[in-house]
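Read through the structure below, which is laid out as structure tokens, and then see the notes.
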Amino acid sequence: MPLGAGPTDEQIAGADGPQGGTEPGFVASPNSAILSGAGSLALSVGGALAVGALLMVAVGSHPVTAYAALASGALGSSYALTETVVRATPLLFAGLAVLVSFRCGIWNIGAEGQMLMASLAVIWAGPALAGLPLWVGWAAALALGAAVGAGWSLLAGALRLYRGVPEVISTLMLNLIAYQLVSWAVNGPLIEAARSQPVSNPLPQALWLPSLGGTTRLHLGVGLPWILVGLVAFALARTAFGFRLRAVGAGERAARACGVPVGGVVLSTFALSGALAGLAPVTDLLGLYPHRLSEGLLSGVGYQGIPVALLGGLSPWGCAVSALFFGGLASGSDAMEQMAGVSSVSVKVLQAVLVFFLVARPGVGALRQLAKGRGGPSALVGEGDE
Amino acid sequence: MLEARNVRKTYGGTVALDGASLALEPGSIHAVLGENGAGKSTLMRVLFGLVRPEGGELLLEGAAYRPGSPADALSAGLGMVHQHFTLVPTLTAAENLGLGQGKLWRWTSRRSTNAHLASLASGYGMAVPPDAPVGSLSVGEKQRIEILKALARGARYLILDEPTGVLSPLEVEELFATLRRLRDQGVAVAFISHKLWEVEAVADQVTVLRRGRTVLTGGLACYSRQDLVTSMVGSGPGETRRGAEGVTRPGAPLLLLESLSALGDGGRPGILEVSLQVARGEILGVAGVEGNGQRELAECLVGLRRASAGALRLDGLDLSHLSTGARRAAGLAYIPEDRHAEGLVLPLSVRENLLLSKWGGVRKGLGLLDVAASRREAVEAIARYGIRPADPEMPVSALSGGNQQKAVVAREMSAGPKAVLAANPTRGLDLGAAAFVHSVLRDHRAKGGACLLVSSELEELLEICDRIAVMRQGRVVSVVPPSAGRETLGQLMVGGVRCH
């Protein structure tokens with residue numbers, strides 16, 4: 001060796017080693033990262049509201065009145081608050097479903113289809129489940145929804161694993177298939193007895209979840225996603241599976257080289273994500289009037305899981321907060337339509353603009369990460385919560 | 001003349017540069033030496049407008065020079081060849097060159113771009129196939145295209161960031177010839193290195209950075225090798241302990257490769273009927289020009305690539321059909337070549353990375369992680385392997401290259417492996433960190449373990465291996481003792497014994 005000499009091992013073990021400077025771009029103090037994260041989230045929400053206000057002005061409405069109506073519809077009364085929680089319930093399931101898949105580097109945008117298939121299965125099996133004892137019937141309905149959601153998701157997982165089909169394409173296509181299946185079912189074999197509308201019969205009354213309060217729509221099921229938030233957070237941080245899931249999401253090649261069975265982890269995550277999505281419509285079908293399946297049952301809740309998860313920074317607790325935020329937007333938009341005469345469609349526009357702001361906010365660089373072919377969806381929000 | 005005077009740059013609380021000065025003169029090759037983290041790359045990035053300095057000044061031909069972006073630097077006559085190439089793999093060399101020309105919407109014919117490339121290439125004496133997609137070319141050819149790209153834009157100051165790190169010995173020689181030609185045509189060349197022999201082989205001037213500061217600069221002839229080493233590492237390094245433990249007696253075979261074959265990427269033959277034995281207490285080196293099956297061999301051993309024929313045994317156990325996880329559980333450790341992609345999950349913490357390959361060992365019932373135990377183990381490993389900063393919850397991405405590699409080594413060795421497979425384990429590391437990795441491998445040998453060291457650095461193999469296998473075109477063509485020497489190995493690697 002031309003350099004006939006090197007420091008002895010003792011010197012190296014003792015010395016600090018060579019970190020006089022760190023690689024550029026790798027240095028960030030955790031505190032400033034969190035602060036700027038919160039700041040940029042606030043900026044994103046504020047920016048979306050501002051763009052929304054401009055749109056309202058453009059169509060001749062008064063943004064202050066509209067936003068006041070929105071706020072009072074979301075938070076202005078105890079009924080409004082319960083309605084926000086009710087509307088947040090399926091969004092939270094959807095957000096969690098998106099979160100676990102994104103954390104594993106899987107772009108599952110098929111929550112909508114997984115939900116549709118789950119609701120189809122439960123409506124179909126409803127009469128049979130009604131004969132079971134109360135709690136068993138509920139549990140069976142939820143389990144069926146989760147299983148069917150997982151199965152629909154696993155189709156995309158298997159396609160990715162064994163045929164290399166990108167899940168962005170397969171889940172999107174499976175959404176369309178699921179939508180058409182539901183459409184066919186409620187126009188044909190599962191159409192209501194009266195045959196007047198393309199909706200199914202309601203679930204047997206024996207399966208309905210009890211209401212939690214008089215005139216509100218609160219039902220026993222709204223607590224379920226909140227329990228799952230805790231479970232998902234615990235699983236990601238403290239279980240071997242959650243650890244592997246995060247490792248595969250953040251560095252698939254390294255995980256594979258370290259002996260993590262990447263294929264198994266990916267398939268399991270597809271299943272988990274689909275199961276979480278499948279619970280959403282089942283909870284609503286069991287808990288909310290009219291307990292019927294129709295083509296418009298979800299109206300995009302599955303897709304909204306994506307902004308819910310992103311705004312929540314791909315952390316389960318963040319997801320809970322952002323589900324409430326989007327739930328509030330949903331319940332407030334009805335009030336806005338009635339009180340300020342602004343179409344609730346504008347809230348949809350608002351949500352879409354918000355997603356742009358979230359993805360484009362500084363420091364995210366999601367597209368750049370994608371272009372480099374690494375750092376899957378997690379790159380959208382940085383590094384999650386651990 | 002391009003000058004940097006007392007440049008300062010900090011990242012967060014970390015000082016990357018403070019008092020860094022450099023002067024590049026036309027018609028001269030200027031080596032920038034320093035250990036990892038000394039600030040070499042940062043200084044080059046400052047010159048190229050990628051990093052904005054906080055203090056100091058830059059002067060270009062006497063006038064103030066403040067590049068706000070690489071575009072400014074390009075128009076000022078600077079060119080930079082990055083460590084990781086910036087070429088479009090599906091386009092040809094000529095098309096890649098055209099991309100750099102700023103003619104976004106203008107029609108260019110294939111013939112004229114090819115002619116442009118040919119005239120440029122012959123003018124500087126660099127042969128490049130004009131019509132093949134760049135992705136199919138060798139690393140050396142890609143690098144030449146990068147250099148041509150910079151020159152095509154009229155670069156008079158050419159900066160190369162660790163250009164030799166990815167090259168085979170032969171390609172390094174070609175690169176040096178190119179650099180000399182450029183110098184003779186009046187180009188100012190700056191190249192970053194931490195290998196002294198390269199600097200001695202090609203540079204006219206040298207600047208040494210240590211901890212962000214210029215500690216030595218001037219004509220190479222003015223300094224002895226000892227001066228350079230001392231200024232790089234701070235104090236005179238001690239003697240290596242070579243020979244002191246070189247008398248270990250290898251025992252029974254522990255790792256056995258029996259006619260192992262595997263396909264390479266895209267169905268090309270990767271390795272062909274490789275048979276090797278690594279004994280207890282032995283370090284077997286695998287030498288070869290990059291791309292002759294070494295990577296496929298490593299992947300095949302660790303289970304990341306399926307063997308098409310043959311068998312692999314570790315301590316009598318047939319590993320051939322086991323998963324990567326099972327092979328590791330059987331006592332095989334793997335220090336991969338690319339620590340960023342294969343060695344570490346960068347966003348995860350040091351603790352979690354240490355856990356990655358052996359999470360089964362710190363698992364409680366019901367699939368729960370024993371976080372407290374993993375933290376204890378991490379603290380212990382951090383202390384034992386001297387990982388800095390000593391914070392188990394620090395993301396490994398925030399560690400320097402040397403410390404990242406220590407984390408990989410700590411994880412692999414703390415599992416108590418029987419055999420260690422190390423692929424270019426010291427690539428990109430400075431002297432101190434490289435010596436540390438070597439000492440770990442030697443310790444493993446001293447304890448009766450087997451080690452297979454795949455390396456493209458002959459010096460490394462000659463220094464620590466007991467035997468060296470040479471690979472060429474996927475086959476092991478010979479196994480020789482290190483005493484065979486550099487010359488013989490080099491000839492075996494390129495094939496065809498040279499006539500004397």
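This structure is a prediction, so every number in the text was calculated from the model and none was measured. Letters A, B, ... mirror the listed sequences (proteins, then strands); counts begin at 1.
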Engaged part of B/Leu348 at the chain A interface, taking heavy atoms whose separation is under 4.5 Å: side chain
Short side-chain to backbone donor-acceptor contact, B/Lys406 and B/Ile387, under 3.5 Å: no
Any donor-acceptor N or O pair under 3.5 Å, side chains B/Thr426, B/Glu460: yes
Partner chain B: residue of A/Ala257, A/Ala235, A/Gly251 with the largest heavy-atom pair count (under 4.5 Å): A/Ala257
Portion of B/Arg411 that has a non-hydrogen atom of chain A nearer than 4.5 angstrom: side chain
Main-chain N/O of A/Ser273 paired with A/Ser101 side-chain donor or acceptor, under 3.5 Å: no
Salt bridge present between A/Arg256 and B/Glu342 (N-O < 4.0 angstrom): no
